[in-house]
Number of protein chains: 2
Amino acid sequence: MSAAVGVSPPDRRGKERTVKRTTIGDVAKAAGVSVATVSRVLNGGAVKEATATRVWEAAAQLDYTPNALTKSIFAGRSTTIGVVIDDLTSPFYLDLMRGIDEVAAKHDSLVMFANTFHSAEREVAHVQTMDEQRVRGLIITSGESTDTRTRRMAAAGTPCVIVGRSLADPPRGLHSVRLDNIAAGRMMAHHLISCGRRSIGVISAGNRPGQLERTEGLRQGLTEAGRPLPEDAVVVAIDNAEVDGAVDALQDRGTSLDAIVCLAGRRTVAVHSALTARGLRIPDDVGFLTVDDFSWAPALGITVIAEPSYQMGKRAAELIVDDPDQPEQLTFEPQLIARASCGENI
Amino acid sequence: MSAAVGVSPPDRRGKERTVKRTTIGDVAKAAGVSVATVSRVLNGGAVKEATATRVWEAAAQLDYTPNALTKSIFAGRSTTIGVVIDDLTSPFYLDLMRGIDEVAAKHDSLVMFANTFHSAEREVAHVQTMDEQRVRGLIITSGESTDTRTRRMAAAGTPCVIVGRSLADPPRGLHSVRLDNIAAGRMMAHHLISCGRRSIGVISAGNRPGQLERTEGLRQGLTEAGRPLPEDAVVVAIDNAEVDGAVDALQDRGTSLDAIVCLAGRRTVAVHSALTARGLRIPDDVGFLTVDDFSWAPALGITVIAEPSYQMGKRAAELIVDDPDQPEQLTFEPQLIARASCGENI
DNA sequence: CTGAAAGCGCTAACAT
DNA sequence: ATGTTAGCGCTTTCAG
């Protein structure tokens, strides 16, 4: 009680009106015990029943809400899981998030979220911020722009999970979760062939590893079926605005297409509408096959190669929570959900 | 330097291998200055050029990453914006999130996210956790289960924004953002009538204020057009699984329907598929009108009453960041996007 | 079983 | 311009 007698702190923030929150000290004073005791009852230490009751009552009385921030500084890190995603618009990410959120909730942690909108710059900035927030772990669906940073984070004790690609020689604490994209590509090839489609046009979302692998798998499958994919049958659409031009490019090649494959879930709508805008009927005029299941696919009869995104999110979050000693590279198997858009199996 | 000489801290956590992160103190030592100086150069205080350079170099050298947690305990709260949502599956929430995220990013804050899956219990728990995290502000799309808590939070200096309903007598720091649901309902009525639809069936997602208001608006509009809505023409589907039964109930009423109105975006898919599953063609056999625009609506020709969800998210986040002195109750206007699903305007 | 006191990493007076 | 020294709210020895 000798400290700061009568010294009213000079209102240390003009407009910031940071209302003074009740602290463990306030509760201690009200209950007539020391802060140590309050801390003990709050965390389930050995305290006499009667004292504990007094403390709980004081806490309730004063509307005490513990400060998780301070706890975390003590623990060295927070309990929050960081998620950096490049575009939450994609159906894939929504389900991924659901999986992550579920695991987080089960471990009463929260999810801290940031969207990069495909900007490498924002990606780096967000990862940095997450690190500054001392997240318990980081899940990121990114390119390589942050590889050195995630390696450092992993080394510093923040487990990281890269979604969508595998890692060469991952250190401890750096995991990955991805689809078996080669298998997905081969699956596509197989289905198209079995539906009698022979001349395929492919729309890829870019040159990220996943897209490349899917193309490769498609190539393999088609080649094995005696229908190798011509170089110019694969066109890239970096964003939805480019899809229309991509479809034009495919059509301008001379050969008439009997199927269009879309390699990225976040391009499905655009590709589909480019097709219908040209008066092409699916599957009569052209077959349509895409990746990632979505809620309207049944209604539209669109056949997809589904990615178990919810499971992937769950496992990614579990990797964070469990933090296994060995780096894990998890691969998930795609699943064909055949509907009408590629025509009948023959 | 007199403290803890030779006292190696007894490895205070067995398996928790919390690698010791480099602190401001480490940097100070390496640069041969005091922690205060390091803090200054990091935050842009007045420091001699040469010293600053040494500090930056030391920081880079040691791979120093500031601890935002500690900063926050000082500031009294973190810079993170908390978002508690009841179901991120809905297209509405996705866009809301985008808006929030954008504003957050602009103010280099992060978004902390939690999903309640419509459980009041989880809602309370999540709001509590957000409060413990000392979020800068809270955006919540909830029912009333947390009203006393948000009021307390607002009083304690954490601005809260309730999405989806207005508040009676809000205190300082408690804002709301919502659609003009009455207008939305009237808009629906008006459009249906102008398309020659006379016998309307309505599917509501429950008795949340928004749904009730939309129903009320619809009633008003229909009554004014001389076509009052019978009591039993409104049925409730608490979740997607109940939609099928709800449609049955509507059909079993005797009167044949010429339009179905869906009052919640998160039921659109289910209602639509219930309709098509019954062989009903839209709009020939039955008109279909729903709420919230979504990416596949153009392809499906579904007419919607669009909610400016992205804008609403943006404004909600801005309310948090700006924290105006007066509580704000923001109302947004719905917009009709007419496509084919209600038939031709006559 | 409980209290005093030493920090956690950082900022902000207050000195120099 | 820079260092010293209190804390922020909480946990955790270490003594009673």
Side-chain angles (χ1 to χ4, degrees), chain A residues 1-4 7 9-13 16 18-29 31-55 59 62 64-78 131-134, chain B residues 1-5 7-13 16 18-29 31-55 59 62 64-78 131-134:
Chain A
M1 279 309 95
S2 67
V7 179
D11 215 305
R12 65 177 169 86
R13 218 155 284 232
E16 297 277 328
T18 306
V19 184
K20 216 279 190 184
R21 290 271 218 146
T22 110
T23 74
I24 205 181
D26 301 330
V27 177
K29 202 171 300 173
V33 297
S34 74
V35 291
T37 301
V38 176
S39 175
R40 280 187 200 104
V41 350
L42 260 31
N43 300 294
V47 185
K48 214 205 303 178
E49 182 79 31
T51 333
T53 316
R54 287 212 325 279
V55 171
L62 298 173
Y64 171 73
T65 306
N67 185 334
L69 262 21
T70 335
K71 289 189 174 169
S72 298
I73 130 175
F74 226 87
R77 59 183 54 264
S78 87
D131 195 12
E132 294 182 0
Q133 294 288 333
R134 296 294 190 265
Chain B
M1 282 306 98
S2 67
V5 177
V7 181
S8 55
D11 214 303
R12 64 179 171 86
R13 216 155 285 230
E16 295 279 328
T18 308
V19 184
K20 217 282 189 181
R21 290 273 218 143
T22 108
T23 74
I24 205 181
D26 301 331
V27 177
K29 201 172 301 175
V33 296
S34 74
V35 291
T37 303
V38 176
S39 175
R40 281 187 200 105
V41 348
L42 260 31
N43 301 296
V47 185
K48 213 204 306 176
E49 181 81 31
T51 336
T53 317
R54 283 204 337 273
V55 171
L62 297 173
Y64 171 74
T65 306
N67 186 335
L69 262 20
T70 330
K71 288 190 178 172
S72 299
I73 129 174
F74 225 87
R77 58 182 57 262
S78 85
D131 194 12
E132 295 182 359
Q133 293 290 332
R134 298 294 189 266

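Lettering follows sequence order; numbering is per chain, from 1. Heavy atoms only: backbone and side chains are in, while hydrogens, waters and symmetry mates are out.
- Between C/dT2 and A/T51, a contact under 4.0 Å exists linking OP1 or OP2 to a side-chain N or O.
- The residue among B/T70 and A/V33 whose nearest nucleotide of DNA chain C is located toward the 5' end is A/V33.
- Nearest-nucleotide mapping onto DNA chain D: of B/K48 and B/R134, the residue sitting toward the 5' end is B/K48.
- The shortest distance between side-chain heavy atoms of B/R21 and A/D131 falls below 4.5 Å.
- Residue-level contact check: A/S39 touches the bases, meaning some heavy atom is under 4.0 Å from a base atom.
- Rounded to an integer number of Å, the gap from CD1 of A/I73 to P of D/dG9 is 12 Å.
- In this structure a side-chain-to-backbone donor-acceptor pair under 3.5 Å is present from A/S72 to A/A68.
- Looking at heavy-atom distances under 4.0 Å, B/V38 makes no contact with the nucleic acid at all.
- Remark: P of D/dT12 and CZ of A/F74 are 6 Å apart, rounded to the nearest angstrom.
- Distance B/R21 CZ to C/dC8 C1': 14 Å, rounded to the nearest Å.
- Between B/N67 atom CG and C/dG7 atom P there is a gap of 19 Å when expressed in whole angstrom units.
- At D/dG3, one or more side-chain N or O atoms of B/T37 fall inside 4.0 Å of OP1 or OP2 (strictly under the cut-off).
- Following rounding to the nearest Å, B/L42 (CG) and C/dC10 (C1') show an atom-to-atom distance of 10 Å.
- For D/dG9, neither phosphate oxygen OP1 nor OP2 lies less than 4.0 angstrom from any side-chain nitrogen or oxygen of A/T23.
- Rounded to a whole Å, the CZ atom of B/R40 is 11 Å from the P atom of C/dA12.
- Here the side chains of A/V41 and A/T51 are not in contact, with every heavy-atom distance at 4.5 Å or above.
- If B/A46 and A/T65 are placed on DNA chain D by their nearest nucleotide, the residue sitting closer to the 5' end is B/A46.
- Side-chain atoms of B/L42 and B/P66, non-hydrogen and from C-beta on, never get closer than 4.5 Å to each other.
- One interatomic measurement links the two molecules: CG of A/L69 to C1' of C/dC10, which rounds to 13 Å at whole-angstrom precision.
- For the pair A/R54/A/V38, no side-chain contact is recorded, criterion being any heavy-atom separation below 4.5 Å from C-beta on.
- Between B/I24 atom CD1 and C/dC10 atom C1' there is a gap of 6 Å when expressed in whole angstrom units.
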